[in-house]
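Source: prediction; values computed, not measured. Scope of the values below: all heavy atoms of this structure, side chains included, with no hydrogens, waters or symmetry mates. Throughout, residue positions are numbered sequentially from 1 according to the sequence presented. For ligands, and for the atoms within them, numbers begin at 1 and follow the listed sequence.
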Amino acid sequence: MFVPRSLKIKRHANGDGKSCVAKIIKSDPEDLQLDKSRDAPVDALVTEAATTPDRHSSESCPFPSPGGQLAEVHSVSPEQGVKDSHPSEEPVKSFSKTQRWAESGEPVCVVCGRYGEYICDKTDEDVCSLECKAKHLLQVKEKEEKSKLSNPQKADSEPESPLNASYVYKEHPFILNLQEDQIENLKRQLGILVQGQEVTRPIIDFEHCSFPEVLNHNLKKSGYEVPTPIQMQMIPVGLLGRDILASADTGSGKTAAFLLPVIMRALFESKTPSALILTPTRELAIQIERQAKELMSGLPRMKTVLLVGGLPLPPQLYRLQQQVKVIIATPGRLLDIIKQSSVELCGIKIVVVDEDKKLFKPPVLVFVDCKLGADLLSEAVQKITGLKSISIHSEKSQIERKNILKGLLEGDYEVVVSTGVLGRGLDLISVRLVVNFDMPSSMDEYVHQVGRVGRLGQNGTAITFINNNSKRLFWDIAKRVKPTGSILPPQLLNSPYLHDQKRKEQQKDKQTQNDLVTGANLMDIIRKHDKSNSQK
Ligand code: AMP
C-alpha cells in the first residue's frame, strides 16, 4: 500500500485561538502501531471511569515523531509553526472561507460544515479553522449559560452532571414489578420474539436504562421519545454485555438499538479503541457515524473514526491513533489498515489471517480451452491491468500446482487463468467473477465452471464469451441461463442455430409423446400393429 513518507495530517486547533500544534507522522508501518502504553486488563461491561488526561491538553501531547519515537509537541504561533515544521506543513487555516468543503465521509466543521481538518482541544469537536473554533467555543459557552438560566439549581453544582465511575444495567423497579404474563402480553403485542436462555425483560422507556443525563438529553434532542420494539428488547440485553443476533425491518431503529449499548460500554471503558462497528458499505458507515455522534455529543472522551474506502487513507490512520473510542469501518479499508499495522481493540490485537483474505478478496477465475491460451492470457492480464495473475494447466508440475493453490488460498493472486479440467481442482476457492473466455464443450462443464462463483453466501458474476464454435450448445445455454434472469445477447437469441435446435427438440418431444401408450391412442397402436403383421 502506498503512503507518502511525510504528510500533513489532522492537527489540534489549539487553546488560545491563535496558535496550533502542527504534527507530522511518518508513514513507516512501525509508526502506525497503536500506542502500546494504553494496555490494561480487559474489563467486562462494568469498568472504572476513564482517568487518562484529556489528550488535547494544550501543554503537550505525545504522538509519533518523524523518527518513529514519541515526541513532545508544544504550542507555537502559526508563523513559527510553518518555519519550524516540515517543509510540506501548511499553517493552520485562520478563516473558514479558506477551508475547502468536506467530501462525503470526511470530518465536518461543527460550525460551518466545511472540512473539519482540526480537532478543538476543548471540546473534541471537528472544526475547519481558528475562526470556527472561536465561534464554536462561543456557542458552547452560550449554551451552557442558557442551560444554567433555565435550571438555576444546576448552576450551583458541577458544570455538567458528572458521570458515575461505573455502570451496571439493573432492571428498573417498574419492569421488575410487572407480572410475567404482562411481559409476555407486551412482547406479543409488539411482535417481539426472543430465543436464548434467561433473556432479560424488555424496557418500556429509555429512563429504565439509567443512562447519564447527557445521553437522555441527546435521545430527546434526536426525537427519540420512546424506544422502538427492537430497541426495547435489544438495549437491555446489549447493556448486559451479551451477544445478540437481531433482525427487524428497515427503519425500525436497529442502529440505535446496537449503538446505545456500544456507547455505554465505550463510555466506561478506559482503553481505546473499545468498539468496532463493521458495515458492508461506506454509505452505511457514514450514516452510522452521524447517528453515533448525535448520541455521543457532550459525553466525555467519546470520539469516532470512520475507516472507509474512497477517501485518502493517511488522515483516517492518523485519526485512528487519536484515542478514538468507536471505529466505524468497511471491511476492505479495515483490512488495508490492519495489513499496515495491526489494530488493537480493547487490548485484543486484530490481525489479518489467511481465511479473511480469502473471504474478503476472492480472485477472478478465467477459463480457457488450451494451455497456451492460459499462459498467454495470464501474461496479458498482468501486463495490461497490473493485477497479479497466474495460469494453471496440466503442463504445470504437481509441485507447481500445489504452490499455486496455496498462493490462491493466501490471496497472492488476483486473477487465475485455468484450463477447464484443472479448474476442477480449484474447488476450494470462492471467487467474485468467473469468465468463460472459451465456452466449454459441454453444458455439464459449463455449469461446473460458473458454479465457482458466489459461494459461501457471497454474490458473484459469471461472464461467458460464445461464438459459433459452440453453436451446437446455443439452445441448451439459453434454456439454462434464461430462467436465472441473466442477460442474453440478441445475437444468441436470434441465432438460426438456436431456433433450429429448439424446433428439433420440440419435434422430438412430440415424437416421444406419440410413442407413449395412452387410453386415447391404444386402439390406433393395436390397429397399426395388426396391419404391419398382416402385410408380413
Ligand atoms: P434505523 O432503522 O436504525 O435506520 O432507524 C430509522 C430511523 O428512525 C432513523 O432516522 C432514526 O434516527 C430513527 N429512530 C431510531 N430510533 C428511534 C426512536 N426510538 N424514536 C424515534 N425515532 C427513532
Side-chain angles (χ1 to χ4, degrees), residues 102 104-105 107-108 110 113 125-126 167 169-172 174-175 178 182-183 185-195 199-267 274-299 302-308 325-331 334:
S104 169
V108 172
V110 284
E125 295 287 5
D126 300 312
Y167 175 85
Y169 174 75
K170 284 204 190 93
E171 269 178 354
H172 190 277
F174 177 83
I175 302 289
L178 291 174
Q182 287 178 300
I183 292 284
N185 200 13
L186 176 84
K187 287 207 251 182
R188 205 173 31 253
Q189 284 189 26
L190 295 174
I192 300 174
L193 292 171
V194 175
Q195 281 179 28
V199 178
T200 192
R201 290 175 163 193
I203 51 155
I204 295 171
D205 199 301
F206 286 122
E207 300 282 331
H208 295 155
C209 297
S210 309
F211 287 146
E213 237 179 80
V214 180
L215 184 50
N216 281 333
H217 170 78
N218 292 345
L219 282 166
K220 291 231 162 64
K221 210 169 128 201
S222 300
Y224 299 10
E225 292 295 335
V226 285
T228 64
I230 185 82
Q231 292 166 352
M232 287 180 175
Q233 185 62 75
M234 250 182 94
I235 292 170
V237 179
L239 289 173
L240 285 169
R242 290 190 63 176
D243 295 338
I244 309 172
L245 189 64
S247 134
D249 285 343
T250 309
S252 56
K254 283 186 295 249
T255 314
F258 72 76
L259 270 182
L260 285 164
V262 163
I263 290 171
M264 285 303 285
R265 178 158 186 153
L267 187 59
S274 48
L276 168 67
I277 299 170
L278 267 183
T279 78
T281 64
R282 164 194 144 114
E283 288 68 30
L284 196 56
I286 293 171
Q287 206 178 306
I288 292 173
E289 199 210 20
R290 199 177 305 134
Q291 209 167 331
K293 278 188 154 178
E294 251 178 50
L295 293 172
M296 289 172 177
S297 168
L299 289 170
M302 293 298 277
K303 201 166 178 71
T304 58
V305 63
L306 200 56
L307 306 179
V308 294
K325 278 288 180 77
V326 182
I327 302 173
I328 300 129
T330 50
L334 186 69

- Taking only heavy atoms of Gly223 into account, list the atoms of ligand 1 that are under 4.0 Å away from them. 20 (N), 21 (C)
- Task: Check if Ile230 has a non-hydrogen atom at a distance under 4.0 Å from any atom of ligand 1.
- Result: no
- Note on the structure: Counting from 1 in the order shown, the ligand 1 atoms closer than 4.0 Å to a non-hydrogen atom of Gly251 are 2 (O), 6 (C)
- Task: Look up atom 21 (C) of ligand 1 and tell me if a protein heavy atom lies less than 4.0 Å from it?
- Result: yes
- Item | Ligand-residue contact atoms, ligand 1 with Thr255, heavy atoms, under 4.0 Å | 1 (P), 3 (O), 4 (O)
- Message: Under 4.0 Å and counting heavy atoms only, is there anything from the protein next to atom 9 (C) of ligand 1?
- Response: no
- Message: With a 4.5 Å cut-off on side-chain heavy atoms, are Ile328 and Val308 touching?
- Response: no
- Message: Which label fits His172 and His208: parallel for a plane angle under 30°, tilted from 30 to 60°, or perpendicular past 60°?
- Response: tilted
- Message: Measuring only between side-chain heavy atoms, which start at C-beta, is Pro212 closer than 4.5 Å to Met264?
- Response: yes
- Kindly confirm or rule out an N or O of Phe206 lying under 3.5 angstrom from an N or O of ligand 1. no
- Lys220 bridged to Glu213 by N-O distance under 4.0 Å: no
- Message: Can you name the atoms of ligand 1, numbered from 1 with element, that are less than 4.0 Å from a heavy atom of Val226?
- Response: 18 (C), 19 (N), 20 (N)
- Per-atom contacts, ligand 1 versus Ser252 - under 4.0 Å to a heavy atom: 2 (O)
- Item | Which of the ligand 1 atoms, numbered from 1, are nearer than 4.0 Å to a heavy atom of Lys254 | 1 (P), 2 (O), 3 (O)
- Query: For atom 16 (N) of ligand 1, what is the nearest protein heavy atom, given as residue, atom name and distance?
  - Reply: Gln231 NE2, 2.7 Å
- Please tell me if the side chains of Leu215 and Leu260 come closer than 4.5 Å, counting only heavy atoms from C-beta onward. yes
- Item | Minimum-distance protein heavy atom relative to atom 2 (O) of ligand 1 | Gly253 N, 2.8 Å
- Find out whether Met296 and Asn218 are in side-chain contact, i.e. whether some heavy atom of one side chain is under 4.5 Å from a heavy atom of the other. no
- Message: Taking distance alone, with N or O pairs closer than 3.5 Å, would you say Glu225 contacts ligand 1?
- Response: no
- Message: Nearest 0.5 Å, please: how far is CG in Leu276 from CG in Leu307?
- Response: 8.5 Å
- Does NZ in Lys187 sit with more than 12 non-hydrogen atoms of other residues, nucleotides or ligands closer than 6.0 Å? yes
- Tell me, which protein residue and heavy-atom name are nearest atom 12 (O) of ligand 1, and how many Å apart are they? Tyr224 OH, 2.8 Å
- When rounded to the nearest 0.5 angstrom, what is the spacing between NZ in Lys303 and NZ in Lys325? 12.0 Å
